[in-house]
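Let me begin by presenting the structure, written as structure tokens, before commenting on it.
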Amino acid sequence: MAALIRNLLILMILIIIGVFAGLSWMLENRSPTHDYSEFIKHVYQDEIKLVELTGNRAEVTTNKGFVYRTTVPDPAQIATRAEGKDMRVIFHHDYSSLVVQISIALIIITLVLVIGGTMYRNKTRAEKSRFASDKLISPNSSQAPITFADVAGIPEAKEELEEIVGFLKNPKQYGNVGAIIPKGVLLQGPPGTGKTLLAKAVAGESGVPFYSFSGSDFVEMFVGVGASRVRDLFKEAKKNSPCIVFIDEIDGVGGSRTGTSSAGGQDERGQTLNALLVEMDGFDTSDTIVVLAATNRPDILDPALRRPGRFDRQINILPPDIKGRTKILEIFAKKVQISTDVDLSVIAQATPGFTGAELANLVNEAALLAGRNGKLEIGDQEFDTARDRILMGVERKGLVMTDQDRTALAYHEAGHAIIAKKLPESDPLHKITIIPRGRALGQTQQLPLNDRHAYSYTYLKNRITILMGGRAAEKIVFNQRSTGAQGDILQATDIATNMICKWGMSETLGPRAFAMDDSGFLGGPSERLAVGDKTSRQIDFEISELLDRCYRKQWIFSAATSAC
Ligand code: ADP
Ligand code: ZN
């Protein structure tokens, strides 16, 4: 209907323009009936009563009342010729050329508007219809669906989502007892822990359509586009329910509206977020749509997203523990050729803090190395090299070191190693190397037998002492201090500061916090809380004292038996 009215309107405008143009064209081109030379002759013979000039066109009335038209090359001259004669000359404004110009301009403008508008409409229409359906992963696609068997190491999250799967598979059964499915589930945790994988597994297990988006899909340059995409998406999802809508990196749209961000994007994001909130409030549980979202920045999410009826269920996903890592490695091991003497639990032990994605990377790097070496199976050596490469960077083959530097480095690392070996309660030694990788020239690696979640006072003090071992060895052997200990000293200072300021491990200062704990996933340096001058001096003293005691213990080697 609207289209019909619009077309009629365009037609009318075109007709009006056409009439205008036609008229002016006629005006312009009314053919002269007499030659200019004839007109001049009449002028000389004083036979003319009146000349009306419009631009170059003249309408001439003779004394006998005869009227004719002619074209005049220079209208101004006619006035001069009329001087001293009985001939009247009237100049009219020449509107016709203006009319022509306006008509032409109108035609061009209308054409541009009509063509441009049609193109834009077609484009956005095509985009709209594609936007939601493009992101659809149909349950009957040829690819084997991802299932919970592909996910390991996050048993709690799996358990929580199994309930959702049950509901999607069998909405009636749940509906009968009056159970209400959560509308939104937020998966939060560091990158690479398997949030996306888990969402896909939910879809695969429940066999329903799965719409997969990223927060950035909604954020466009033009205000309002994101919001309309959100509306389209939910319209489409309702048509295909039961289904799952997955929004990865939801912080892209759902970042706090009060947060600082580029001014322009703020408006668009705010509108998009609002649209999302409205849509989530709008569909009711009979629609059987489950919205899954993932973020690794839960700290910046707008609190409105977590209200009841929106993402009211939140699942924390953390990097897997040692058992989880073994299970994840087992999944990947099925996809490559691994030598039978490789013990995956040992690799799991050697990779504390690795996420699922990092483990996937580890296996792939190891496979690449084996391939490069012409091997048919991946061995322990490939895993070890791959791990070093991921943790420390690529080997710096091009780095030329003098023998003297290398010797100093060897003593430095040996210093770490001896202390680590001798101190009780410290992690077993894994590897000592002076092959430079990434930013490190050498390294002494220790590996805990189990993942540590809490650290004792003794363990921490030992850790500092081991870190000081490199510097101490250089001092004993060369009686020199070198810059090689920079990283060790930084790390030791960090541990000591945390011991005093966060973990209440100072005798004199007692169990009091002097620094904020910023345990965001990204961490970062912690800020000290404001304290009085005296306390501040005391804190500094305690930190230095602790570091110093750990360092000095190296001189008397009895440190090996008693904690510093
Ligand atoms: P996230 O969405 O949390 O950033 P992804 O789900 O994209 O992480 O993980 C990337 C890849 O890492 C996955 O495709 C999978 O191969 C692997 N991965 C991550 N976590 C796990 C896990 N818990 N179990 C199995 N594989 C995992
Ligand atoms: Zn060192």
Side-chain angles (χ1 to χ4, degrees), residues 146-159 161 186-204 212-215 246-251 292-298 315-321 323-336 348 351 353-364 392 408-420 432-434 436 439-446 463-475 481-492 521 551 554:
I146 289 169
T147 65
F148 280 143
D150 297 305
V151 190
I154 35 179
E156 298 87 358
K158 247 159 95 169
E159 214 167 277
L161 287 169
L186 182 65
L187 308 169
Q188 45 193 25
T193 42
K195 299 182 292 296
T196 312
L197 189 70
L198 207 50
K200 284 184 183 156
V202 172
S212 177
F213 300 88
S214 164
F246 176 58
I247 306 173
D248 207 353
E249 283 161 38
I250 194 170
D251 39 282
L292 296 178
T295 180
N296 44 42
R297 296 297 310 276
I315 300 179
N316 286 321
I317 298 183
L318 293 172
D321 62 6
K323 263 202 275 169
R325 290 197 298 276
T326 314
K327 289 210 177 110
I328 294 174
L329 284 169
E330 277 164 8
I331 292 177
F332 296 131
K334 285 190 199 127
K335 298 172 188 164
V336 290
T351 45
F354 270 46
T355 61
E358 281 166 329
L359 291 171
N361 187 20
L362 175 77
V363 173
N364 189 47
M392 297 190 287
L409 185 59
Y411 275 109
H412 177 106
E413 295 305 330
H416 289 308
I418 291 170
I419 307 287
I432 310 162
T433 172
I434 56 165
R439 291 179 57 194
L441 291 178
Q443 249 219 0
T444 303
Q445 295 173 359
Q446 290 167 267
R463 191 75 224 119
I464 299 179
T465 312
I466 294 164
L467 284 165
M468 295 295 183
R471 156 64 51 98
E474 287 182 60
K475 183 85 171 101
R481 298 188 185 100
S482 81
T483 55
Q486 180 185 347
D488 301 333
I489 292 173
L490 196 67
Q491 217 184 328
F521 288 122
Y551 176 69
Q554 320 278 342

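Order of listing sets the numbers, starting from 1, for every ligand and every atom in it. The first residue in the sequence is number 1, and the count goes up from there.
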ask   = Are Asp248 and Thr196 close enough, and set up right, to give a side chain to side chain donor-acceptor pair (under 3.5 Å), and what steps lead you there?
value = CA-CA 7 Å; Asp248 207 353; Thr196 312; 3.1 Å; yes
request  = Among all protein heavy atoms, pick out the one at the shortest distance from atom 25 (C) of ligand 1; state its residue, atom name and that distance to 0.1 Å.
outcome  = Asp150 O, 3.3 Å
remark   = The atom name of the N, O or S atom in His412 nearest to the Zn ion (ligand 2) is NE2
task = Distance to 0.1 Å, residue and atom name: give those for the protein heavy atom nearest to atom 26 (N) of ligand 1.
result = Leu197 CD2, 3.3 Å
remark   = atom 10 (C) of ligand 1: closest protein heavy atom, distance to 0.1 Å, is Ala357 CB, 4.0 Å
message = Could you check whether any heavy atom of Ile317 sits closer than 4.0 Å to an atom of ligand 1, since that is the contact criterion I want to use?
response = no
request  = Run the numbers for me: atoms of ligand 1, each under 4.0 Å from some heavy atom of Phe332, listed by number.
outcome  = 16 (O), 17 (C), 26 (N)
key: Contact (N/O only, under 3.5 Å) between Pro191 and ligand 1   = no
message = Taking CZ in Phe148 as the centre, count heavy atoms belonging to other residues, nucleotides or ligands within less than 6.0 Å. Is the count above 12?
response = yes
note = Taking every heavy atom of Ile328 against every heavy atom of Pro320, the minimum-distance pair comes out as CD1-CG, 3.7 Å
remark   = The atom of His416 among N, O or S that is nearest the Zn ion (ligand 2) is NE2
key: side chain to side chain contact (heavy atoms under 4.5 Å, CB included) between Leu490 and Gln486, intermediate numbers included   = CA-CA 6 Å; Leu490 196 67; Gln486 180 185 347; 5.7 Å; no
inquiry  = Under 3.5 Å, is there a donor on one side chain and an acceptor on the other for Gln443 and Thr433?
reply    = no
message = Run the side chain to side chain contact (heavy atoms under 4.5 Å, CB included) test against Ala348 and tell me which residues pass, sequence neighbours left out.
response = Ile322, Arg325, Thr326, Leu329
query = Can you tell me if Lys195 uses its side chain to pair, donor with acceptor, with the backbone of Gly189 under 3.5 Å?
reply = yes
inquiry  = Counting only heavy atoms from other residues, nucleotides and ligands, does the tally under 6.0 Å from NZ of Lys158 exceed 12?
reply    = yes
Proximity of Asn296 to ligand 1 by residue part, where a heavy atom lies under 4.0 Å = neither
Distance-only polar pair, side chains of Glu474 and Ser482, donor-acceptor under 3.5 Å = yes
key: Asp251 side chain to Thr295 side chain, donor-acceptor N/O pair below 3.5 angstrom   = yes
query = Would you say Gly192 touches ligand 1, if touching means a heavy atom closer than 4.0 Å?
reply = yes
ask   = Does some side-chain heavy atom of Asn296 sit less than 4.5 Å from a side-chain heavy atom of Pro190?
value = no
Thr193 and ligand 1 - part of the residue with a heavy-atom distance under 4.0 Å = both
query = Is there an N/O/S atom in Asp488 at a distance below 2.8 Å from the Zn ion (ligand 2)?
reply = yes
message = Below 3.5 Å, N or O to N or O, backbone or side chain included: is there any such pair between Thr196 and ligand 1?
response = yes
inquiry  = Under a 4.0 angstrom heavy-atom cut-off, which atoms of ligand 1 come close to Ile154?
reply    = 23 (N)
message = I want to confirm something. Looking only at heavy atoms, which of Gly194, Gly356, Pro155, Pro319 is nearest to atom 17 (C) of ligand 1?
response = Gly356
key: Val151 N/O to ligand 1 N/O under 3.5 Å   = no
ask   = Which of the atoms in ligand 1, numbered in the order shown and given with their element, are less than 4.0 Å from a heavy-atom of Ala152?
value = 22 (C), 23 (N), 24 (N), 25 (C)
